[in-house]
Amino acid sequence: MKPDVLVMKPPTPDVAEALERSFAVHRLWEAEDRSAFLREIGATIRGIATTGGAGASAELMRALPNLEIVAVNGVGLDAVDLAYAKEAGVVVANTPDVLTEDVADMALLLLLAAAREAVAGDAHVRSGAWEREGARPLSRRVHGKRAGILGLGRIGRAVARRLEALDIQIVYHNRRPIESPYVYYSDLEALARDVDFLVVTAAGGEGSRGLVDRAVIDALGPDGILVNVARGTVVDQEALIEALRENRLAAAGLDVFEDEPRVPESLRNLPNVVLQPHHGSGTVETRAAMGELVVRNLEAHFAGRLLPTPVDLG
Ligand code: 8YV
């Protein structure tokens, strides 16, 4: 008999097919009454396939008494209650590496677009304003400047490699210094004071909540640009909106937000932001690779093999 797997969000057709081949699939997003659905099928579920955003709360896992594995289609684990999983003996897998380069591409795109005002420039041409009103104001140079990476992990390093190609000097802040060619700052505010751009690639969760606060934003200053491809929670979104509105910060490029997909109008209306719908890993190629890894992790678990990409629960 195929193991029963609860799928939290609609997968791409290929991944849906692969899941159906190996598992009895239960689609949570189709349930009209989620609690009733979980009451009905909860005891049969042995695996969850979820996303970085949907995760797996303790409440959900508690409703699935025979749960063995949570496979996350993403690298971020902030929405999975890891402490509960560990206590309940539930193993967790995610999809590192396969998405690193795409997310780094998105960071580069957002930095360039924010600094060079690419979206406003596009609108200027499309709307006919160029012909009617003439050229747009000048934008900001990117190459040759200094950038700070908040969270020099796999994605942070991939961003740094791209920025090096633009002759950008890289510094970074992590909880602790790591082996790297870049200068380490133990104090994020001091780093922000010394750089032109701050790129957030740190993991989400309680440990990083609000790290980029008003003081850090002000240290980045009126010529500074903030890019966030990590989690909206790492940045104090209200403080960011205020700083952008008052031009205490030049611009921001954001792929992630505090309460997705809700993005406050006060942020959407700002002219000095470039916004993306949490699409760092959102390419056909990468989403296929991530989906395949989710399926391989689930298959390995139920076949009693080692998982390709397990999460160390300590
Ligand atoms: C995805 C992500 O957007 O990897 C993560 O943590 O947030 C993203 O890659 C999401 O998990 C899509 O399923």
Side-chain angles (χ1 to χ4, degrees), residues 5-19 25 27-29 47-57 60 69-82 85 92-110 149-159 199-209 211 227-235 237 253-263 275-298 307-313:
V5 168
L6 181 70
V7 181
M8 302 285 288
K9 296 274 175 185
T12 58
D14 285 355
V15 176
E17 216 182 287
L19 285 167
V25 168
R27 301 172 186 81
L28 187 64
W29 74 93
I48 295 178
T50 188
T51 64
S57 65
L60 172 72
I69 177 170
V70 173
V72 182
N73 188 43
V75 71
L77 297 164
D78 48 308
V80 179
D81 193 321
L82 296 175
V92 179
N94 64 348
T95 62
D97 300 320
V98 291
L99 49 67
T100 300
E101 305 300 325
D102 266 7
V103 180
D105 283 352
M106 177 61 90
L108 181 65
L109 179 156
L110 286 172
I149 309 273
L150 170 53
L152 193 68
R154 278 179 281 235
I155 295 170
R157 284 172 200 268
V159 172
V199 183
V200 182
T201 50
E206 286 316 307
S208 62
R209 185 176 291 278
L211 266 185
V227 170
N228 189 0
V229 290
R231 285 291 183 266
T233 51
V234 185
V235 175
Q237 191 166 279
L254 306 172
D255 187 41
V256 290
F257 305 89
E258 221 165 71
D259 181 27
E260 295 168 9
R262 283 161 289 276
V263 177
L275 308 172
Q276 289 291 302
H278 197 146
H279 242 187
S281 68
T283 66
V284 172
E285 297 89 337
T286 290
R287 285 292 166 82
M290 289 163 66
E292 194 198 310
L293 200 44
V294 167
V295 174
R296 279 177 43 219
N297 273 298
L298 289 167
L307 304 192
T309 48
V311 171
D312 183 2
L313 296 181

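Read the numbers this way: they start at 1 and go in the same order the structure lists the ligands and their atoms. For reference, positions follow the sequence shown, starting with 1.
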Do any nitrogen or oxygen atoms of [X] come within less than 3.5 Å of a nitrogen or oxygen of ligand 1?
X   : result
G74 : no
G52 : yes
G76 : yes

If the contact criterion is a heavy-atom separation under 4.0 Å, does H279 count as touching ligand 1? no
Residue-ligand contact R287/ligand 1, heavy atom below 4.0 Å: yes
For T286 and D102, does a side-chain donor sit closer than 3.5 Å to a side-chain acceptor? yes
Regarding S281 and R287, do their side chains bring together a donor and an acceptor under 3.5 Å, going by distance alone? yes
State whether the side chain of E258 and the backbone N or O of T233 hold a donor-acceptor pair below 3.5 Å, judged by distance alone. no
Does N94 reach the main-chain N or O of V75 with its side chain, forming a donor-acceptor pair under 3.5 Å? yes
Determine, stepwise, if the pair T201 / I149 fulfils side chain to side chain contact (heavy atoms under 4.5 Å, CB included). CA-CA 7 Å; T201 50; I149 309 273; 3.4 Å; yes
Heavy atoms of V72 and G76 approach each other most closely as CG1-O, 3.9 Å
Contact summary for A230 and A202, nearest pair of heavy atoms: CB-O, 3.0 Å
Option whose closest heavy atom lies nearest to atom 9 (O) of ligand 1, chosen from S281, G282, A49: S281
Does any non-hydrogen side-chain atom of L150 lie less than 4.5 Å from one of V234? yes
List every atom of ligand 1 that sits less than 4.0 Å from any heavy atom of L99, numbering the atoms from 1 in the order shown and giving each element. 4 (O), 9 (O)
Give the atom numbers and elements of ligand 1 that come within less than 4.0 Å of a heavy atom of R231. 2 (C), 5 (C), 6 (O), 7 (O)
Measure the distance from [atom] to every protein heavy atom, then report the residue, atom name and distance (to 0.1 Å) of the closest one.
atom                    : answer
atom 7 (O) of ligand 1  : H278 NE2, 2.8 Å
atom 4 (O) of ligand 1  : V75 N, 2.7 Å
atom 12 (C) of ligand 1 : N73 O, 3.6 Å

Is the contact between [X] and ligand 1 made by the side chain, the backbone, both, or neither, using heavy atoms and a 4.0 Å cut-off?
X    : result
M290 : side chain
V103 : neither
E260 : neither

Of N297, T95, D97, the one forming a side-chain hydrogen bond (donor to acceptor under 3.5 Å, both in side chains) with T309 is N297
